[in-house]
Amino acid sequence: MFGPLNPFAVLSLASSGVSAVGQLQAGKAQQRAAQLNAFNIETERERSKAEARQRHNDRLEIYRSNLSANIASFAAAGRDVGADRSVAAFLQRQKEIATSDTARSDFMGQAQAAKLTAQAAATRAEGRAALTASRIGAFTSLASGINNYNQIKTG
């Protein structure tokens with residue numbers, strides 16, 4: 001019914017199977033590597049967010065420290081902090097600068113976090129694409145192997 005097996009046909013089919021398995025394993029390994037890279041990027045994002053919060057808090061601490069020093073300096077000079085409009089304007093300007101500094105720092109932290117989130121998503125997509133490509137390659141290898149097997153077997 002089947003006739004004698006041609007060793008070359010069997011070898012061709014077997015090598016196609018091995019190639020397909022190798023392609024699938026490579027694609028899965030690439031996907032795992034992409035997942036790990038995405039995890040590392042997300043870890044970097046969290047570290048970056050913590051640094052941004054720390055910069056915000058540091059700037060507020062500097063403002064509070066300077067405010068206390070300025071009030072003490074004005075009081076030592078005999079200027080009434082509550083009644084002297086130029087002192088009040090100076091202190092208000094210092095507050096505006098600190099607010100602007102923290103807002104800019106917060107925005108930069110958010111932009112960095114968004115960039116890292118997008119980078120992690122792109123890395124995951126690359127991993128999925130590598131796996132899909134390996135599946136297509138494996139299917140192509142198997143189809144080619146079956147075709148070669150049939151050509152050798154019949155010819």
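The basis for the numbers below is simple: all heavy atoms, side chains too, and nothing from hydrogens, waters or symmetry mates.
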Are Arg104 and Asp101 within salt-bridge range, i.e. N to O under 4.0 Å? yes
State yes or no: do Leu67 and Val87 share one hydrophobic cluster built from I, L, V, M, F, W and Y residues joined by side-chain heavy-atom distances below 4.5 Å, directly or via other members? yes
Using side-chain hydrogen bond (donor to acceptor under 3.5 Å, both in side chains), reason through Asp58 and Gln54 one step at a time and then give a plain yes or no. CA-CA 6 Å; Asp58 289 348; Gln54 188 59 49; 2.7 Å; yes
Test item: Arg79 and Ser86 side chains (from C-beta on) under 4.5 Å apart, heavy atoms: yes
Grab the two heavy atoms, one from Ala38 and one from Ala120, that are nearest each other, plus how far apart they are. CB-O, 3.6 Å
Are Arg135 and Leu131 side-chain neighbours, meaning at least one heavy-atom pair lies under 4.5 Å? yes
Starting at CD of Glu51, measure out to NE2 of His56 and round the result to the nearest 0.5 Å. 15.5 Å
For Arg64, the option from Ile62, Leu60, Asn66 that meets side-chain contact (heavy atoms from CB on, under 4.5 Å): Leu60
Which residue pairs pass the ring-ring contact (aromatic ring centres under 6.0 Å, His included) test with at least one member in residues 87-140, sequence neighbours excluded? Phe74-Phe90
Side-chain contact, heavy-atom cut-off 4.5 Å: Arg45 with Ile41? no
Using atom types as modelled, flag every donor-acceptor pair under 3.5 Å from a side chain in residues 91-99 to any protein atom, sequence neighbours excluded.
unit_1	atom_1	unit_2	atom_2	d
Gln92	NE2	Glu96	OE2	3.4
Thr99	OG1	Lys95	O	2.9

Looking only at heavy atoms, which two atoms of Gly127 and Ala34 are closest? And how far apart? CA-CB, 3.5 Å
Checking salt bridge (charged side-chain N to carboxylate O under 4.0 Å, His left out) for the pair Glu42/Arg124: CA distance, chi angles, key distance, verdict? CA-CA 11 Å; Glu42 289 171 341; Arg124 280 197 177 86; 2.9 Å; yes
